[in-house]
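The block underneath contains the structure these notes are about, expressed in structure tokens.
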Amino acid sequence: MRGNTTATYGSVTKSFHWLIALLVITMIPLGIYANDLPYDTGEALSYKAQMFTVHKTLGLVIFWVALARIGWALSQPKPALLNADKRLEATLAEIVHWTLYAALVLVPLTGWIHHAATTGFAPIWWPFGQGLPFVPKDDGVAHTFASLHIVFERVLAVSILLHVAGALKHHFIDKDVTLKRMTPGITVPDHIPAQHRSVAPILGAVGAYLLALVIGLSLGLFATPEGAAPATPRLEAVQSDWSVQDGTLAITVRQLGSDVQGSFADWTAAIDFSEEPDADGRHGSVEVQIAVGSLTLGSVTAQAMGADFLDASAHDTAVFKADILADLDTYIAKGTLTLKGIASPVELPFSLNIDGDTATMQGQTRLNRTSFNVGESYPDESSLGFDVAVEVALTATRN
């Protein structure tokens, strides 16, 4: 394996260059193709996920190869610019090179962080975990890095076009050996002009990224997305013997073999409860109203709002009405859940601890999505599981 000289590129550098070029010209069209694929059936969703998995995996390969390429370049002599006597042109070429180097790291890195912050969909073919240290599962973090990924993708695309245009100019107009130096074999230039080194190209590359970010901001890429889900009505407070102080209503679905977790941000609970049962053995009753559109479900939130799933536009509220019964040392809320206009029996076992006028409860149950005609275009569990795990936890005070 041959290293660089001040006049030529070595075989290691050439191998890195053409390997990255091959990976990039494969990854970019694949990402565009995968993004445009439909996901209206189980088979379509599975295929779309596979294409995104390949795209993400290639992105990580580029990330590590680019780091190795940069490390190798820093350890080697830098071949001279053959247009160094044209100061402006040479500076612009160096700006493009620095911008391109940065993009080869930033594009896959922001995509990786977006993936790590998102729950579910299209795992990476990678021998370790899908997450990253210090990257939380958070929709806001995921959206920010998805936006950065888009901005840096554009920078990468423009940098590649300028890089190719510059190489072609050298070859066909200047008729020097700039392009030939990166092809197999040893090509030594006839003349090397005096070199001029400065930090201007690095500063220019930084400026290019700042400009790209400003353009991204002006286009609203970093704004909270609107229209992905129907507007969520804020549920009004309800009359209740117990007032919920805080709590969570979470669900977990199984998609393409991975758990996708989500939660409803807006729900109310009217609770009538007594430690002593009445003549029918009832300890009270509960009515929970849930704003369907307040659900966040990782990367598939918008899909979950669609007509084939929760149909939030037509059915914006789900209601669970149940009697509270004793169940040995615990309790069970036994009633019906109305979702998408369909009522189905549901039992929610829960533990309860009352300390004075403060009560804490935790409960879990499982629903079958087919009972509510959710995901009818996914008739089996190959893409979307039937079971939906529901977890409820709350703290309430007696009024």
Side-chain angles (χ1 to χ4, degrees), residues 4 8-9 13-32 55 58-59 61-63 65-70 72-74 76 78-111 147-183 187 189 192-193 195-219 221:
N4 296 350
T8 62
Y9 290 103
T13 299
K14 293 177 183 179
S15 298
F16 274 129
H17 178 275
W18 293 111
L19 174 59
I20 290 175
L22 178 62
L23 289 169
V24 169
I25 63 176
T26 301
M27 181 190 67
I28 292 178
L30 181 60
I32 296 171
H55 173 76
L58 285 177
V61 172
I62 291 173
F63 175 75
V65 173
L67 287 181
R69 166 74 175 92
I70 293 170
W72 177 257
L74 293 175
Q76 296 291 300
K78 180 176 175 58
L81 295 175
L82 301 186
N83 61 348
D85 51 342
K86 302 174 182 178
R87 296 290 294 274
L88 178 59
E89 181 181 305
T91 299
L92 291 175
E94 289 287 272
I95 289 174
V96 171
H97 274 96
W98 281 106
T99 303
L100 184 54
Y101 274 145
L104 291 173
V105 174
L106 291 174
V107 171
L109 179 59
T110 52
S147 300
L148 288 171
H149 186 65
I150 292 171
V151 170
F152 295 154
E153 276 181 337
R154 284 14 178 211
V155 173
L156 173 62
V158 172
S159 299
I160 291 173
L161 290 174
L162 292 175
H163 180 66
V164 171
L168 294 177
K169 175 185 179 296
H170 278 286
H171 189 72
F172 291 107
I173 298 177
D174 300 337
K175 300 188 183 301
D176 61 31
V177 296
T178 296
L179 179 58
K180 290 182 179 178
R181 285 196 299 180
M182 195 53 77
T183 57
T187 302
I192 298 178
Q195 303 295 297
H196 306 280
R197 304 297 186 191
S198 75
V199 298
I202 297 177
L203 296 177
V206 172
Y209 277 96
L210 291 175
L211 177 61
L213 290 173
V214 169
I215 293 173
L217 284 168
S218 66
L219 294 176
L221 289 178

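No experiment lies behind these values; they were computed from the predicted model shown.
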- Message: Tell me which pairs pass salt bridge (charged side-chain N to carboxylate O under 4.0 Å, His left out) where either residue lies in residues 90-109, with sequence neighbours left out.
- Response: Lys78-Glu94
- Decide yes or no for Thr13 and Arg69: does some side-chain heavy atom of the first lie under 4.5 Å from some side-chain heavy atom of the second? yes
- Query: How about Lys180: does its NZ atom have over 12 heavy atoms from other parts shown lying under 6.0 Å from it?
  - Reply: no
- Could you state the interatomic distance from CG (Leu58) to CG (Leu22), rounded to the nearest 0.5 Å? 9.0 Å
- Note on the structure: Minimal heavy-atom distance between Val105 and Ala66, with the atoms involved, is CG2-CB, 4.3 Å
- In Å, rounded to the nearest 0.5 Å, how long is the span from CG of Leu217 to CG of Leu213? 6.5 Å
- Item | Heavy-atom pair with the smallest gap, counting every atom of Trp98 and Pro201 | CD1-CB, 3.7 Å
- Item | Point-to-point distance, once rounded to the nearest 0.5 Å, from CD1 of Ile70 to CG of Leu104 | 7.0 Å
- Item | Intermediate values then yes/no, side-chain contact (heavy atoms from CB on, under 4.5 Å), Leu168 and Ile173 | CA-CA 8 Å; Leu168 294 177; Ile173 298 177; over 6 Å; no
- Message: As a quick check of understanding, evaluate side-chain contact (heavy atoms from CB on, under 4.5 Å) for Lys14 and Thr183, giving each step before the final call.
- Response: CA-CA 7 Å; Lys14 293 177 183 179; Thr183 57; 5.7 Å; no
- Message: Measuring from atom OG1 of Thr91 to atom NZ of Lys86, what distance do you get when rounded to the nearest 0.5 angstrom?
- Response: 13.5 Å
- Would you please classify the geometry between the His97 ring and the Tyr101 ring as parallel, tilted or perpendicular, with 30° and 60° separating the classes? tilted
- Task: Answer yes or no: is there a donor N or O on one side and an acceptor on the other, between the side chain of Thr99 and the main chain of Ser159, under 3.5 Å?
- Result: no
- Message: Minimum heavy-atom separation for His196 and Ala84, please, with both atom names.
- Response: CD2-O, 3.5 Å
- Task: Just do the side-chain contact (heavy atoms from CB on, under 4.5 Å) check on Leu100 and Ile160 with the steps written out, would you?
- Result: CA-CA 7 Å; Leu100 184 54; Ile160 291 173; 3.9 Å; yes
- Where do Leu109 and Phe152 land on the side-chain contact (heavy atoms from CB on, under 4.5 Å) test, with the steps shown first? CA-CA 10 Å; Leu109 179 59; Phe152 295 154; over 6 Å; no
- Item | Distance (rounded to the nearest 0.5 Å) between Thr187 OG1 and Leu179 CG | 9.5 Å
- Query: Going by heavy atoms in the side chains, are Glu89 and Lys169 under 4.5 Å from each other?
  - Reply: yes
- Task: Could you check if a side-chain atom of Leu156 sits within less than 4.5 angstrom of a side-chain atom of Ile28, using non-hydrogen atoms only?
- Result: yes
- Quick one: CG on Asp176 to CD1 on Ile192, what's the gap to the nearest 0.5 Å? 11.5 Å
- Task: Look at the aromatic rings of His17 and His163 and report parallel, tilted or perpendicular, splitting at 30° and 60°.
- Result: tilted
- Item | Side-chain donor/acceptor of Gln195 to backbone N/O of Pro193, under 3.5 Å | yes
- Task: Sort and list the pairs that fulfil salt bridge (charged side-chain N to carboxylate O under 4.0 Å, His left out) and have at least one residue in residues 152-163, not counting sequence neighbours.
- Result: none
- Message: Using only atom types and a distance under 3.5 Å, with no angle test, would you say the side chain of Trp18 pairs donor to acceptor with the backbone of Met182?
- Response: yes
